[in-house]
Amino acid sequence: MPELPEVETVARTLRPHVQSCTITNATLLRASSLHPLSLPLSQLTGCHIVDVKRRGKLLKLLLSSSEAQNDLQIVVHLRMTGRLIIKPSNASPGAYTRLFFDLANTNGESRLFFDDVRSFGQVFVCTPDILSQWTFWRTLGPEPLEISEVDFAARLNGKNKCLKALLLDQKCVAGIGNIYADESLFAARLSPLRKASSLSESECACLLQCLQDVLTRSIAQCGSSIRDYCDADGNVGAFQNSFAVYGRGGQPCQHCGRELLKLRVAGRSTVYCPKCQK
C-alpha cells in the first residue's frame with residue numbers, strides 16, 4: 001500500500017501535469033471505485049484544478065469553479081494498488097482503469113487515469129462539509145513531518161499498545177504503514193513489541209527524529225516500489241534499495257549480523273532485530 005512518501009511523490013509529480021487544467025469530462029467505469037458519500041462525477045465538468053495536496057495517505061485535488069458550489073475537491077485513497085497516471089488525450093482505458101478524467105489547458109489535452117488492480121481504492125468528490133462526514137478523514141492524526149516532540153510524546157504517553165500497532169494507527173499519526181513503521185523502529189533501536197507507555201522522553205524524541213528522517217529520505221528517493229507503486233509519470237521509487245529490515249526476515253542485521261526475526265504484530269508482517277531493538 002502506498003504510504004506517506006509514495007503519496008507525497010504522486011502529489012509532486014501529478015501537480016505540474018494537472019494544475020490549471022479544466023476537467024472537461026469524467027467517466028466512471030466501476031461504481032464501487034466512487035466513495036459512497038461522493039457527489040456525482042458530473043459535477044466536476046468545468047472545474048479547474050488549482051492544486052494537488054497530500055494528507056496522510058490521501059491525495060487531494062483542490063478545485064475552483066464559476067458555479068455556486070466552488071469548494072469542490074477530489075480526494076483519492078489509493079489503498080493497495082491504486083494509481084493516478086497522466087496519458088495523452090487519445091489513450092484508451094486499460095483492463096484495470098476504474099475511472100478517468102479528460103483535462104484541457106492552454107497547452108492541449110490529456111487524460112488522468114485512476115487504475116486499481118485490486119479495486120480497493122476510491123475517489124471521493126466532495127465539499128469540506130461532506131468530507132467531514134467520512135470518519136476516516138475526521139479522525140486522522142497529525143502529520144508526522146509536522147508534529148512537535150511534545151505532541152508526539154503525548155500521543156504515546158500512557159498508551160498500552162505496542163509501538164508497531166500505534167504507528168500503524170492513522171488516528172495516532174497519519175500516513176505511516178508497514179514499511180516505515182519497521183524502518184523507523186529499527187533506526188530508533190526500539191522493539192516493535194515495546195509498549196508505547198514504557199518509552200522515556202528521550203526515546204520518544206529519538207523515535208520521532210528517526211521517523212522523520214526515514215520519511216524524508218524516502219521522499220527524496222521517490223518512495224518505495226515493492227509491487228504496484230509508481231508515480232504520476234509511471235516511474236518507480238528507489239528507497240526499497242535502502243531497507244534495513246522491511247522484507248528482510250531471516251537475513252543478517254546490517255548493524256550486528258544477527259538474524260532478523262519475522263513475526264506478525266497488529267495483524268501485519270513485522271521484521272526486527274532482537275539484539276539491536278529493545
Side-chain angles (χ1 to χ4, degrees), residues 1-12 53-60 75-84 116-122 134-137 139-147 152 155-156 159 161-188 190-194 196 207-231 236-249 260 262-272 277:
M1 177 187 291
E3 301 179 32
L4 187 155
E6 291 76 47
V7 180
E8 178 65 29
T9 299
V10 173
R12 292 183 181 187
K53 300 286 189 179
R54 177 198 58 77
R55 175 74 171 101
K57 300 179 185 180
L58 302 173
L59 279 166
K60 292 181 70 178
V75 178
V76 183
H77 199 177
L78 299 174
R79 298 287 180 109
M80 296 291 291
T81 58
R83 293 182 178 184
L84 285 172
D116 190 6
V117 174
R118 299 188 66 180
S119 300
F120 293 149
Q122 287 188 319
W134 186 20
T135 303
F136 179 79
W137 171 265
T139 59
L140 271 178
E143 292 289 323
L145 292 174
E146 300 173 4
I147 192 172
F152 183 71
R155 288 184 169 268
L156 270 57
K159 298 296 191 302
K161 282 186 176 181
C162 65
L163 288 174
K164 175 67 180 281
L166 204 55
L167 289 179
L168 293 178
D169 186 351
Q170 300 303 293
K171 297 177 184 178
C172 179
V173 286
I176 308 303
N178 221 23
I179 294 173
Y180 301 105
D182 279 6
E183 291 297 311
S184 300
L185 287 168
F186 177 79
L190 293 170
S191 168
L193 301 172
R194 179 96 171 261
L207 177 55
L208 177 59
Q209 180 59 53
C210 290
L211 183 60
Q212 293 175 335
D213 177 65
V214 167
L215 292 173
T216 300
R217 287 191 291 115
S218 182
I219 291 171
Q221 296 183 52
C222 300
S224 305
S225 291
I226 309 299
R227 298 181 184 89
D228 301 282
Y229 161 73
C230 63
D231 65 21
V236 299
F239 191 68
Q240 67 275 7
N241 300 318
S242 303
F243 288 166
V245 289
Y246 182 81
R248 298 189 63 245
L260 296 174
K262 181 178 180 180
L263 67 163
R264 294 193 74 80
V265 180
R268 303 298 303 276
S269 176
T270 300
V271 179
Y272 79 108
Q277 296 174 251

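It should be emphasised that the depicted structure is a prediction, and the values quoted were computed from it without experimental measurement. We use all heavy atoms of the structure for the numbers below, so side chains are in, but hydrogens, waters and symmetry mates are not.
- The CG atom of Asp213 sits 10.5 Å away from atom CG of Leu145, with the distance rounded to the nearest 0.5 Å.
- Here Gln122 contributes atom CD and Leu78 contributes atom CG; the two are 11.5 Å apart, rounded to the nearest 0.5 Å.
- Residues passing the side chain to side chain donor-acceptor pair (under 3.5 Å) test with Thr81 are Asp116, sequence neighbours excluded.
- A search for ring-ring contact (aromatic ring centres under 6.0 Å, His included) contacts involving Tyr246 returns Phe243, not counting sequence neighbours.
- A pairwise comparison of heavy atoms in Pro142 and Cys172 identifies CD-O, 3.2 Å as the closest pair.
- Atom CG of Leu207 sits about 4.0 Å away from atom CZ of Phe152, to the nearest 0.5 Å.
- Sequence neighbours left out, the pairs with a member in residues 172-183 that pass salt bridge (charged side-chain N to carboxylate O under 4.0 Å, His left out) are Lys164-Asp182.
- Scanning both residues, Leu168 and Gly177, for their nearest heavy atoms gives CD2-C, 3.3 Å.
- A distance of 10.5 Å separates CZ of Arg194 from CG of Leu185, quoted to the nearest 0.5 Å.
- Here the closest heavy-atom approach between residue Leu208 and residue Pro144 is recorded as CD1-O, 3.9 Å.
- Pro192 and Val265 make their closest contact through O-CG1, 4.4 Å (heavy atoms, listed as atom of the first residue, atom of the second, distance).
- Taking CE of Met80 as the reference point, atom CZ of Arg118 lies at 4.5 Å (rounded to 0.5 Å).
- When the salt bridge (Lys or Arg N to Asp or Glu O under 4.0 Å) test is applied to Arg12, the partners found at least two apart in sequence or on another chain are Glu8.
- For the ring-ring contact (aromatic ring centres under 6.0 Å, His included) test, no residue two or more places apart in sequence or in another chain qualifies with Phe120.
- A 4.5 Å side-chain heavy-atom check between Arg55 and Val75 finds every atom pair outside the cut-off.
- Annotation: side chain of Leu263 is in contact with side chain of Leu193 (closest heavy-atom distance under 4.5 Å).
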Next on the checklist: Does Ser218 form a side chain to side chain donor-acceptor pair (under 3.5 Å) with Tyr180? I'd like the steps, not just the answer.
Outcome noted: CA-CA 9 Å; Ser218 182; Tyr180 301 105; 2.7 Å; yes

Checklist entry - Leu140 and Gln170: side-chain contact (heavy atoms from CB on, under 4.5 Å), yes or no, with the steps? => result CA-CA 6 Å; Leu140 271 178; Gln170 300 303 293; 4.0 Å; yes

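- Between Leu4 and Ala174 the shortest heavy-atom distance is CD1-O, 3.8 Å.
- When Leu58, Val10, Leu84 are each tested for a side-chain contact (heavy atoms from CB on, under 4.5 Å) with Val76, only one passes: Leu84.
- Side chain of Asn178 to backbone of Ser269: a donor-acceptor contact under 3.5 angstrom is found.
- Taking CZ from Arg217 and OG from Ser242, the interatomic distance works out to 6.5 Å, rounded to the nearest 0.5 Å.
- Between Arg79 and Pro2 there is no side-chain heavy-atom pair separated by less than 4.5 Å.
- Of the possible polar contacts, none joining the Arg268 side chain to the Arg264 backbone as a donor-acceptor pair under 3.5 Å is found.
- Leu215 has its side chain within reach of Ile176: a pair of non-hydrogen atoms, C-beta onward, lies under 4.5 Å apart.
- Looking only at side-chain heavy atoms (C-beta outward), Tyr272 and Ser191 come within less than 4.5 Å of each other.
- Environment of NZ in Lys262: sparse, with no more than 12 heavy atoms of neighbouring residues, nucleotides or ligands closer than 6.0 Å.
- Closest heavy-atom contact between Ser184 and Val214: OG-CB, 3.8 Å.
- Judged as a side chain to side chain donor-acceptor pair (under 3.5 Å), and not counting sequence neighbours, the contacts of Lys60 are Gln73.
- Using modelled atom types, one finds no donor on one side chain facing an acceptor on the other under 3.5 Å when comparing Tyr229 with Gln240.
- The pair Lys57-Glu6 fails the salt-bridge criterion, with no side-chain N (NZ, NE, NH1 or NH2) lying under 4.0 Å from an Asp/Glu carboxylate O.
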